[in-house]
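Chain naming here is simple, since letters A, B, ... match the order of the sequence lines and numbering starts at 1 in each. What's counted below: heavy atoms across the whole structure, side chains too, no hydrogens, waters or symmetry copies.
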Number of protein chains: 2
Amino acid sequence: MRKIFLFMDTIFNKVDAKGRVSLPADYRAIAKELSTEIVCYRSLSAPCIEGCLEDSLDKLATEIENATDFFSETQDNLTNLIFGDAKRFAFDSTGRIMLTEKLLKHAGITDTAVFVGKGRKFQIWNPQNWEKEEARIRAEVMKNRPTLKAQKEQE
Amino acid sequence: MRKIFLFMDTIFNKVDAKGRVSLPADYRAIAKELSTEIVCYRSLSAPCIEGCLEDSLDKLATEIENATDFFSETQDNLTNLIFGDAKRFAFDSTGRIMLTEKLLKHAGITDTAVFVGKGRKFQIWNPQNWEKEEARIRAEVMKNRPTLKAQKEQE
DNA sequence: TGGTATAACATGGTATTTTATGGGATTCAA
DNA sequence: TTGAATCCCATAAAATACCATGTTATACCA
């Protein structure tokens, strides 16, 4: 059994006419080894699909149960949005999932999907949008170097 | 079980046509003993590849998880950049990893890779670039001797 | 201490497996 | 029964495991 579970790397995969996409092999391996499933929903902050393990959402649900006070009303609304939007995606024997129209539309994905690892989560982007987003982030991080350094030194 | 794990030394290894490089034996030993894997990504500060143990990134992911709530956008950029770029590299029975085009290009590596130990991390350089970088660093450190001590203590 | 045997390592080449992806066939539900 | 979703098969490319060899470093012994 593996110790560490991180969604990483940036992978470009084709979306075929039926809407099928190969989930990157590494991502599959994680879901398989944890005997959990992949869940996807529309990102609240960007024009992309966001995904994580069902475990993560379960953890979120438990946190809400145990510490209701801790969550502000707005955050509570957000959880409604997430759980209302989230959907499990089982992959078939060849490792593909079928994204829904709603998700694909939100991310503007047509024939190619970009999987971007985020550690405990990942995102799925339209290639052009991701290219722009990556450039934007990189520029911003470079501008705020001191912050980055402080964060990295926490390691 | 070993007490101390540090990436050290400077090792020159060949990169073959497929992008395969022998990971220095000492580095392999560390990953093996810790039962973790090597992760590499493009350095944010220099034209080189940076590597560390998957443990380090996992720690970072956990910190982010704990420090922010599920929907936080503050760390969003950073996680996209770090985890989106990072990739696991398992070495085969002969101790080689296969670096990607993206990484090799960022570091300008063609046929030889220089592994430079950095303690908890290491870097992989193009030989010429490393030569220049080492000279630069050496000159700078000699010039700023008093500062060096203060900087080291911050870490 | 010097010399030799042994083991470890880097590295080239080849074989095998995995992965992504296209194209049906089959099942299911409206 | 028609459209959509799921499953199964096939294939090409890419990643990975395996084998072989020369070289270097290490251990061992006189």
Side-chain angles (χ1 to χ4, degrees), chain A residues 2 7-33 37-40 49 51 87-105 109-117 122 124-127 130, chain B residues 2 7-33 36-41 49 51 54 86-105 109-117 122 124-127 130:
Chain A
R2 197 166 159 179
F7 294 110
M8 289 197 263
D9 206 359
T10 299
I11 295 121
F12 291 71
N13 280 349
K14 288 257 171 72
V15 180
D16 72 12
K18 301 184 202 173
R20 296 181 300 181
V21 212
S22 282
L23 197 67
D26 286 352
Y27 293 17
R28 274 182 266 158
I30 292 175
K32 221 169 176 180
E33 286 193 53
E37 270 179 275
I38 297 287
V39 169
C40 292
I49 303 167
K87 186 172 153 51
R88 293 167 58 158
F89 287 90
F91 45 85
D92 64 17
S93 60
T94 61
R96 281 182 288 199
I97 55 174
M98 247 196 64
L99 295 168
T100 62
E101 255 314 306
K102 186 174 75 175
L103 292 174
L104 291 171
K105 197 179 160 198
I109 294 170
T110 54
D111 61 343
T112 306
V114 187
F115 291 80
V116 183
F122 61 90
I124 314 177
W125 286 79
N126 158 300
W130 168 244
Chain B
R2 196 167 160 181
F7 294 111
M8 289 197 263
D9 206 359
T10 299
I11 294 119
F12 291 71
N13 280 348
K14 287 257 173 72
V15 181
D16 73 11
K18 298 187 211 167
R20 292 184 303 181
V21 214
S22 280
L23 198 68
D26 286 353
Y27 292 17
R28 273 182 266 158
I30 291 175
K32 222 170 176 180
E33 284 193 54
T36 184
E37 270 177 276
I38 296 288
V39 169
C40 292
Y41 51 92
I49 303 167
E54 203 178 4
K87 187 170 154 53
R88 286 172 50 149
F89 288 91
F91 44 84
D92 64 17
S93 59
T94 62
R96 279 183 289 198
I97 56 173
M98 241 193 69
L99 294 170
T100 62
E101 257 311 308
K102 187 174 77 175
L103 292 173
L104 291 171
K105 197 178 160 198
I109 294 169
T110 54
D111 61 344
T112 306
V114 187
F115 291 80
V116 183
F122 60 89
I124 314 176
W125 286 80
N126 159 301
W130 169 243

Donor/acceptor link under 3.5 angstrom from K18(A) side chain onto base of dG23(C)
no
R96(B) CZ - dG13(C) C1' separation (whole Å)
9 Å
Would you kindly give the OH-to-C1' distance between Y27(B) and dA10(C), to the nearest whole Å?
15 Å
Partners passing side-chain hydrogen bond (donor to acceptor under 3.5 Å, both in side chains) against W125(B) (at least two apart in sequence or in another chain):
Q123(B)
Per nearest nucleotide of DNA chain C, the residue lying toward the 5' end, D92(B) or P24(B), is P24(B)
Tell me what L23(A) touches on the nucleic acid: a base, only sugar-phosphate, or nothing, going by heavy atoms under 4.0 Å.
sugar-phosphate
Give the rounded distance in Å between these two atoms: CG of N13(B) and P of dT11(C).
5 Å
How many Å lie between CE on M98(A) and C1' on dG3(D), as a whole number?
12 Å
CZ of F12(A) versus C1' of dA13(D): gap in Å, rounded?
19 Å
Using whole Å, report how far NZ of K14(B) lies from C1' of dC9(C).
14 Å
Counting side-chain heavy atoms from C-beta on, which of dG23(C), dT14(C), dA10(C) comes nearest to R20(B)?
dT14(C)
Measure the distance from CZ on F115(A) to P on dT19(C) and round it to the nearest whole Å.
15 Å
Taking the side chain from Y41(B) and the backbone from L103(B), do they hold a donor-acceptor pair closer than 3.5 Å?
no
Parallel, tilted or perpendicular: which one describes the rings of F122(B) and F7(B), with boundaries at 30° and 60°?
perpendicular
In whole angstroms, how far is the P atom of dA14(D) from the CG atom of D16(B)?
15 Å
Judged by atom type as modelled, is there a donor-acceptor pair below 3.5 Å linking the side chain of N13(A) to the main-chain atoms of V21(A)?
no
